[in-house]
Structure formats: C-alpha cells, structure tokens
Amino acid sequence: MKLSGRIGRIKPSATLAINAKANELKRNGVRIINFGVGEPDFDTPQNIRNAGMESISRGLTRYTAVGGINELKDAVCSTIRADYGLPCGRENVLISCGGKHALYNLFMTLLDPGDEVIVPSPYWVSYPDMINLANAKPVVVPCSEKDGFILRPEALEKAITPKTRLLILNSPSNPTGKYYGHAELKALAEVLLRHENVLVASDDIYYRILFGGRKWVSLGMVEERLRDRIFTINGVSKSYCMTGWRIGFLIGDPAVIKAATDFQSQVTSNAASISQWASVEALSGDQKPAMEMAQIFEVRCTRVMEIIAGLPDVTCAPPDGAFYVFPNFSAYFGRKFGARTINGSLDLADFLMEEGHVAVVPGEAFGEDNCIRFSYALSDEEIEQGFDAVKRALEKLS
Ligand SMILES: Cc1ncc(COP(=O)(O)O)c(C=O)c1O
C-alpha cells in the first residue's frame with residue numbers, strides 16, 4: 001500500500017532494533033538490565049494518584065475546554081511565576097497530551113515548508129522527525145564534548161540564515177544532562193538579539209532535576225527583550241513521575257497559543273480530563289516527593305560518574321541534571337571480538353546487549369555517534385550490576 005511522503009520522512013527509531021533483541025533474549029530467559037529507559041523509576045506520588053481518582057468519583061470525566069481546564073492553567077501560571085519569576089496568564093498557556101504533543105503543536109503552528117529550525121546536537125531523538133513532519137528543515141549544529149555539549153554563540157551565529165525560524169534549546173538535556181547556566185544563556189541571547197526573526201523553543205521538561213545546588217535559569221529569565229519570542233515546553237511527566245498521564249504545557253505569546261489551541265482542537269481536542277485534575281495536584285500540592293526524587297538522581301549520578309571514571313578509555317561530560325549520562329566510547333571503535341568489529345555506537349550497543357546483557361541507546365540516535373546514552377532511572381543494585389557487565393564486555397574487545 002502506498003504511504004504518504006510525510007511518513008516516509010520519519011526515521012524508524014534506532015531503539016527498536018535494540019528493544020527487539022532485548023525482548024528476544026528475555027524470551028530465552030536472559031535477564032537484561034535496561035539502561036534505555038526514559039522515565040523515572042518511581043511511582044506517581046500518592047496525593048497525585050488520589051486527585052486523579054477523586055476526579056473520576058466527582059464525574060469530571062467529560063470533554064474539557066480544548067486548551068485545558070482553568071484550574072490547571074492557573075497552576076501552570078503560578079509555577080511559571082514562582083520558578084521562572086516571569087509573568088504568565090491563562091492566555092499564555094495551552095495544555096496538551098505531554099511535552100511531545102506541546103512541541104508538535106508549536107512546530108505545526110509556526111513552521112512553513114522551507115523554514116529552518118536549528119537543532120543543537122546531541123539532541124532529543126524526536127526533534128528532527130517532528131520538524132520533518134511539519135515540512136520544515138532541521139539544521140543540526142554539532143556541539144562538542146569539550147564545550148560540555150553546550151551550543152556556543154559563534155556556532156549559533158553561523159547557523160542562522162534568512163530562513164531560520166526557530167532555535168531549540170533543551171536544558172537540562174536529554175541525552176547529556178548538561179544545562180545552560182546564566183553566562184551561556186546570556187551569550188546566546190546576544191546573538192538572538194541581532195536576529196529578530198528567530199524564535200526559541202525552550203524544552204524545559206527536566207528543569208526540576210538539577211544537581212550541585214544549581215538554580216533554575218532559562219533564556220527569558222536572563223534577557224527580557226527576548227521574552228516575546230520564547231516558547232516554553234514543560235510538563236509533569238519527568239518532574240512528577242507522570243509519564244503515563246500525558247500532560248504537557250506550551251507557554252508563550254497569546255496569538256500563537258490561540259492558533260496552537262485551534263490546531264489541537266482539530267487533532268486531539270483536550271488532554272485527558274482526569275490527568276489534568278491530577279496535574280493540578282502535582283503542581284499545587286506537596287512538592288516533597290518531587291524534590292526527594294531529584295536528590296536520589298543526584299546521588300545516583302555521582303556514583304555512575306565514579307564508575308565511568310573507572311572504565312578504561314571512556315570520557316564523560318558530567319551531567320548537571322536529568323537522569324542520563326552520555327559517555328564517549330569512541331576509543332573502542334575499530335576494536336574486535338571474534339569476527340565482530342565495533343564500527344560505531346550501534347555496533348557497540350548491539351555488542352553490549354549480546355555480551356553484557358545490558359540495553360543502552362546508541363548515540364547515533366541523538367546525532368553523536370561517539371557516545372552511548374545510559375539512563376540511571378534504575379535501582380542502585382541494577383546500576384552496579386549493569387556497569388559491571390559493561391566493564392566485563394568491554395574487556396573482551398581488543
Ligand atoms: C527532551 C524531552 N522533551 C520532551 C519529552 C516529552 O515528554 P512527554 O513524555 O511529556 O511527552 C521528552 C521525553 O522523553 C524529552 O526527553
């Protein structure tokens with residue numbers, strides 16, 4: 001059957017082959033330690049689950065306004081005022097089915113064929129495909145490990161053309177865990193001030209998971225003159241262990257929010273009513289579980305970095321937040337095990353699966369083939385056992 005050209009432009013997920021192999025091994029009774037997970041390994045806090053159940057009991061189970069219930073919009077605005085120190089009204093907020101949906105709504109609302117979107121790499125796997133789906137062009141700008149995978153202002157300046165419509169910033173980043181501090185953002189802001197047609201999509205989905213006492217900062221907080229050009233993507237998935245509830249937010253210019261709401265009205269309508277009520281509790285209720293989770297990730301990150309420091313010939317930019325590390329294994333490329341040669345991150349991921357029984361995501365999926373992404377949303381025991389297995393597998397390569 002003929003499929004649309006649009007579908008043809010989507011790259012099949014690089015993790016699919018890895019997952020298929022993991023499942024095959026599992027069916028044969030092999031225990032796989034999965035470093036591939038992109039979600040916290042904790043349950044949704046009880047107060048949030050109760051709020052969801054209560055909304056069902058109260059019969060709050062029908063269509064809501066397309067752009068979300070006012071109670072949730074108000075809770076989002078309070079969060080933006082408190083955590084970003086920025087003004088926010090209901091007209092600035094669209095509630096969608098997850099951060100991913102919020103991004104897609106934004107791309108479909110802003111981008112025309114031929115428009116360019118600057119995507120610093122390593123990037124979250126979905127950005128280029130979503131931009132392609134909007135018939136626009138991802139312009140990938142490599143960021144080097146020595147710069148901590150942070151976009152440099154010179155690289156941004158060089159990538160901007162008359163066709164540039166949008167820049168994507170993701171801090172802390174999936175896959176690197178790196179974050180843009182005040183100085184880095186100020187330097188980028190100076191470039192953006194010279195290019196008034198360039199808008200910014202700031203994907204802040206991991207903003208509550210920050211380490212080393214870092215304080216949250218984003219572009220709109222460091223440069224007031226850019227505020228009208230910034231669209232913030234956020235949500236409850238990662239901060240409150242609510243990945244399955246599917247609630248995300250788009251925050252920005254009211255005219256764009258209205259247009260994106262109209263777009264959403266013809267595609268999905270409102271996000272699930274029950275999830276919206278649970279999210280009101282997530283944002284306005286007890287914040288202790290979310291803070292404790294971030295602290296646990298920090299402890300794990302410290303341990304993971306210690307372990308990685310003990311892996312021969314592996315380097316790793318230390319994460320500032322989120323729950324990923326993105327070590328560089330390129331020293332192992334060209335090495336052999338039997339008839340097998342490791343020629344890149346896909347080969348290495350495949351080898352680690354077969355010889356170490358650990359699942360990881362190859363860096364190629366994030367636009368950086370030298371690296372492998374490990375998520376440490378795993379128990380301490382699994383982290384120790386998994387990296388032990390990685391070490392033993394690497395020792396087999398010569
Ligand atoms: C950088 C980044 N942005 C957005 C999302 C989407 O989050 P959600 O599950 O809310 O759609 C993810 C999820 O993995 C992510 O890593």
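Counting starts at 1 for both ligands and their atoms, in listed order.
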So, Tyr180 side chain and Leu151 main chain: donor-acceptor pair closer than 3.5 Å or not? yes
For atom 9 (O) of ligand 1, the protein heavy atom that lies nearest, with its residue and separation: Arg246 NH1, 2.9 Å
Salt bridge or not for Glu24 and Lys21, using N-O below 4.0 Å? no
Would you mind running through ligand 1 and noting each atom that sits below 4.0 Å from a heavy atom of Tyr127? 1 (C)
Atoms of ligand 1, numbered as shown, that sit under 4.0 Å from any heavy atom of Lys100: 6 (C), 8 (P), 11 (O)
Applying a strict 4.0 Å limit to heavy atoms, is Lys238 in contact with ligand 1? yes
Among Asp203, Ile247, Asn234, which one puts a heavy atom closest to atom 2 (C) of ligand 1? Asp203
Whether Phe211 and Tyr376 hold their rings parallel, tilted or perpendicular, with breakpoints at 30° and 60°: tilted
So, for Phe329 and Phe351, is the gap between ring centers shorter than 6.0 Å? no
For the pair Phe323 and Tyr206, evaluate ring-ring contact (aromatic ring centres under 6.0 Å, His included) and give the outcome as yes or no after the intermediate values. CA-CA 9 Å; Phe323 42 80; Tyr206 296 98; 5.6 Å; yes
Donor-acceptor pair, side chain of Asp253 and main chain of Val256, under 3.5 angstrom: yes
Within ligand 1, which atoms have a heavy atom of Tyr206 less than 4.0 Å away? 1 (C), 14 (O), 15 (C), 16 (O)
Taking the ring centre of each residue, are Tyr332 and Phe337 less than 6.0 Å apart? no
Would you please determine whether Glu39 falls within less than 4.0 Å of ligand 1 on a heavy-atom basis? no
Under a 4.0 Å threshold between the charged nitrogen and the carboxylate oxygen, would Asp347 count as salt-bridged to Arg340? no
N/O of Ser237 under 3.5 Å from N/O of ligand 1, yes or no? yes
Quick check: does Thr243 get an N/O under 3.5 Å from an N/O on ligand 1? no
Which of the atoms of ligand 1 are close to Asn174, meaning less than 4.0 Å from one of its heavy atoms? 1 (C), 16 (O)
Less than 4.5 Å apart, side chain to side chain, heavy atoms only: is that true for Asp41 and Arg300? yes
Can you tell me how far CZ of Arg335 sits from CG of Asp313, rounded to the nearest 0.5 angstrom? 5.0 Å
Note the single closest protein heavy atom to atom 15 (C) of ligand 1, along with its residue, its atom name and the distance in Å. Trp124 CE2, 3.5 Å
Could an N or O of ligand 1 be found under 3.5 Å from any N or O of Gly99, whether backbone or side chain? yes
Near Asn170, which atoms of ligand 1 are under 4.0 Å from a heavy atom of that residue? 1 (C)
contact_flag Tyr123 ligand 1 heavy-atom lt 4.0 Å: no
Provide the number and element of each atom of ligand 1 under 4.0 Å from a heavy atom of Gly98. 10 (O), 11 (O)
